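Here is the structure we will look at.
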Amino acid sequence: MNVLVVGGGGREHALVKALAADVTVERIVCAPGNAGIAAEAAVCVGPVDVSDPAALLALAVEKGADLTVVGPELSLARGAADTFADSGRLLFGPTRAAAALESSKAFAKAFMARHGIPTARFEVCTDERQALAAIQGDRFGFPVVVKADGLAAGKGVTVAAERDAAAAAVRDAMVARRFGDAGATVVIEECLTGPEVSYFVVSDGRRCLTLPAAQDHKRAFDGDAGPNTGGMGAFGPSPIFDSDLEERVLREIVTPALDGLRAEGREYRGVLYVGLMLTRNGPQVIEFNVRFGDPEAQVILPMVERGLAPVLLGAARGDLAGCGWRVTSDPHVGVVMASAGYPGRYATGQPIGGLDDAAAVPGVHVAHAGTAMRGDSIVTSGGRVLTVVARGKSYEQAIARAYDAVGRIAFEGSHVRTDIGRKALAPKDRGGA
Ligand code: AMP
Ligand code: GLY
């Protein structure tokens, strides 16, 4: 089959690489892609407006795509799946109504409450007075979490240590409109504690196939210090997500979510990203996302050794019967190399050296996120530049390989965390978020 992959980050490179290895895939077009994706067996086309469903459909038609696989949530929130369905084209990803699980945190929380899905206690606030009242008194305690309702490029969540900080976050979102209309409504919620796990299932609306759980490293610096980022690295399978826990999450969270969505006329086809916190009271949902995680995809998709494309196709068709995949449980570790200054301001256009040398380390490949071609050389073009991914027989080996490869890559001001995957070596420590 011919596949169109939409997006141009590390996640999409992981998708393209995994699809290129699938025997059922003949041709891949990626829009807009990046320098690394162009070096895979893929044609990159662009520029393309991923928020414009009609443009994506036109591209799929022009390229003769049998299946379109969407990376970014924005395309789905804008209704790409609906537009494709209306014209009888297959797209992997939920409809706009189902994507509300990510595009509206207020919807997601109310949905979870309706269906008894464990999540932090919350209040949806539609004006500033209501939000400020919610953080008065001891209703949620402190720290308290303030979340912009809509899509805010991963920046809409504040964990506020005390009332003043919470009030500032409320005003920032609701009055200053830092996130635009996405902050017109906020969710105030109780702060949960425990390790975080990202769990992914692919659904056709009824059934689902599961993937190994991963753990992300959201903070910029070692030891989970510093500002939140899009993710500085990931590893999987998560050693703290054992089969008992997985069964419980399927029973208490995934099944009621898929059933609830179907019952509400929002049948879910695509990958459901369940962001979990493993609290003392059991697993609770921190957030649902309607797409693969980044950088989680870079460690999880290489684990799928057979069956990826047919599964994505089956989910898009609404029929996973007879589909299955072969997934390895070998540890995978992905270290993000970021530009100096990320997640704040950063420079771009820095030449990147050593990519081939890095890829020569056994079990290693390099997923590109923010890269571009300048003449014959590859240069940085984003905050997160690369994810260096290593497979090993053990976590020790995967970590050593990943950092061996990282050490071979050079660009001006590159920044990495040096402790990616270390939590997997000490599962008893259950190292915080
Ligand atoms: P984001 O990916 O930007 O939506 O950030 C969400 C992050 O905020 C999560 O990964 C958690 O670390 C944190 N977070 C969100 N909700 C809560 C909560 N109720 N309790 C504690 N931490 C939370
Ligand atoms: N790694 C977090 C995300 O993709 O949202």
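Remember, it's 1-based here, ligands and their atoms both numbered in the order they're listed. Model, not experiment: these values are computed from the prediction.
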Distance-only side-chain donor-acceptor flag, Gln215 / Glu296, under 3.5 Å: no
Are Gln298 and His13 close enough that a side-chain donor and a side-chain acceptor fall under 3.5 Å? no
Heteroatom distance test (Cys191, ligand 1): nitrogen or oxygen, under 3.5 angstrom: no
What do you reckon, does Glu196 have a nitrogen or oxygen under 3.5 Å from a nitrogen or oxygen of ligand 1? yes
When you measure from the side chain of [X] to the backbone of [Y], do you find a donor-acceptor pair of N or O atoms at a distance under 3.5 Å?
X	Y	answer
Glu247	Asp244	no
His217	Ile420	no
Thr380	Gly349	yes
Arg417	Arg219	yes

Relative to the heavy atoms of [X], which atoms of ligand 1 are at a distance of less than 4.0 Å?
X	result
Val145	16 (N), 17 (C), 18 (C), 19 (N), 20 (N)
Ile286	9 (C), 15 (C), 16 (N), 17 (C), 18 (C), 23 (C)
Glu189	16 (N), 17 (C), 18 (C), 19 (N)
Lys218	2 (O), 10 (O)

All heavy atoms of Ala100 vs all of Arg266, minimum pair found to be CB-NH1, 3.9 Å
Can you name the atoms of ligand 2, numbered from 1 with element, that are less than 4.0 Å from a heavy atom of Asp216? 1 (N), 2 (C)
Under 4.0 Å, counting heavy atoms only: does [X] come that close to any atom of ligand 2?
X	value
Ala297	no
Gly293	yes
Tyr273	yes

At what distance, to the nearest 0.5 angstrom, does CG of Leu312 lie from CG of Leu67? 6.5 Å
Region of Glu296 engaging ligand 2 - heavy atom pairs below 4.0 Å: side chain
Can you tell me if Gln284 has a non-hydrogen atom under 4.0 Å from ligand 1? no
Distance-only N or O hit between ligand 2 and Lys218, under 3.5 Å: no
Side-chain contact test, heavy atoms from C-beta onward, threshold under 4.5 Å: evaluate it for Ile409 versus Leu386 and give yes or no. yes
Beyond-backbone contact of Leu276 with Ile253, side-chain heavy atoms, under 4.5 angstrom: yes
Heavy-atom pairs closer than 4.0 Å: do any link ligand 1 to the side chain of Lys147, the backbone, both, or neither? side chain
among protein heavy atoms, the one nearest atom 5 (O) of ligand 2 is Arg291 NH2, 3.0 Å
Nearest non-hydrogen contact with atom 8 (O) of ligand 1 belongs to which option: Leu192, Val159, Val157? Val157
